[in-house]
Amino acid sequence: MTLDLRAALCQTPLLDGVPSDLLDRLIDQGTVRQVRAGEQLFAASDMSNTVFFILAGSLRIYSRDETSPVPLADLGAGDVVGELAAIDGGGRTGSATALQESAVLVCPPRCLHRPAKPRPAGSPSVVAAVFADHPRCR
């Protein structure tokens, strides 16, 4: 699967209005991961603050009751998953499995918090710019 990362990320509403240098940082420091249909990207309760930007394909987010998975949402290109754990540092609140061959940009904490190069005083970090309007950040 060949992707234009910038074009794919520009389809992400959460990144609308993020300065281009911060978008470049996500691209430079993130890693593209291919996820096969049926493959689990992460499981509920995993301790990780990695954020995944869905570039192509689709993922199902689900929780589990005593006996079976309970679907919560189907997400596709332009959606973001894992942002709650990045915001509050807690465990994953659900699991994610690919519904079809998919690609995600894996952004570990270092690419969200640390600047690739010194930035001018007052300029936002990626986290501040990306999650500024997220309800859990207010």
Next on the checklist: For a quick test of reading the model, state the closest non-hydrogen atom pair linking V80 to L75 and the distance between them.
Outcome noted: O-CD1, 4.2 Å
Checklist entry - Do V35 and F53 belong to the same hydrophobic cluster, where Ile, Leu, Val, Met, Phe, Trp and Tyr are linked whenever their side-chain heavy atoms lie under 4.5 Å apart, directly or via other members? => result no
Checklist outcome for this item: Sorted by chain and number, sequence neighbours left out, salt bridge (Lys or Arg N to Asp or Glu O under 4.0 Å) with D74 holds for R60
Next on the checklist: If you apply the rule side-chain contact (heavy atoms from CB on, under 4.5 Å), what do you find for R33 with L55, and how did you get there?
Outcome noted: CA-CA 10 Å; R33 177 175 168 194; L55 304 171; over 6 Å; no
Checklist entry - If you group Ile, Leu, Val, Met, Phe, Trp and Tyr by side-chain heavy-atom gaps below 4.5 Å, do I54 and L5 land in one group? => result no
Checklist outcome for this item: Smallest heavy-atom separation, A103 atom then V32 atom, equals CB-CG1, 4.5 Å
Item to check | Closest non-hydrogen atom pair, P13 against G78 | outcome: CD-O, 3.3 Å
Item to check | Shared hydrophobic cluster for L14 and L23 (ILVMFWY, side-chain gaps under 4.5 Å) | outcome: yes
Checklist entry - Out of Q34, E39, R36, which residue meets the side-chain contact (heavy atoms from CB on, under 4.5 Å) rule with E101? => result Q34
Next on the checklist: Run the side-chain hydrogen bond (donor to acceptor under 3.5 Å, both in side chains) test against Q11 and tell me which residues pass, sequence neighbours left out.
Outcome noted: none
Checklist entry - According to a 4.5 Å side-chain heavy-atom criterion applied to Ile, Leu, Val, Met, Phe, Trp and Tyr, with indirect links allowed, do V104 and V81 form part of one hydrophobic cluster? => result yes
Next on the checklist: Checking F42 now: which residues fulfil ring pair (Phe, Tyr, Trp, His ring centres under 6.0 Å) with it, not counting sequence neighbours?
Outcome noted: F52
Checklist entry - Taking a hydrophobic cluster as the set of Ile, Leu, Val, Met, Phe, Trp and Tyr residues connected by side-chain heavy atoms closer than 4.5 Å, whether directly or through intermediates, do I27 and V51 fall within one such cluster? => result yes
Item to check | Shortest non-hydrogen contact between A44 and S95, atoms and distance | outcome: N-OG, 2.8 Å
Checklist entry - Taking all atoms of both residues into account, what is the closest heavy-atom pair of C107 and G30, and its distance? => result SG-CA, 4.4 Å
Item to check | I61 CD1 to R92 CZ distance, which is reported to the nearest 0.5 Å | outcome: 9.5 Å
Checklist entry - From L105 CG over to T12 OG1, what is the distance, rounded to the nearest 0.5 angstrom? => result 9.0 Å
Checklist entry - Distance-only, no hydrogens or angles: does the T97 side chain make a donor-acceptor pair with backbone N or O of G38 under 3.5 Å? => result no
Next on the checklist: The test is side-chain contact (heavy atoms from CB on, under 4.5 Å); show your working for L26 and L15 and say whether it passes.
Outcome noted: CA-CA 11 Å; L26 288 176; L15 295 176; 4.0 Å; yes
Next on the checklist: How close do A37 and Q100 get, counting heavy atoms only, and between which atoms?
Outcome noted: CB-CA, 3.7 Å
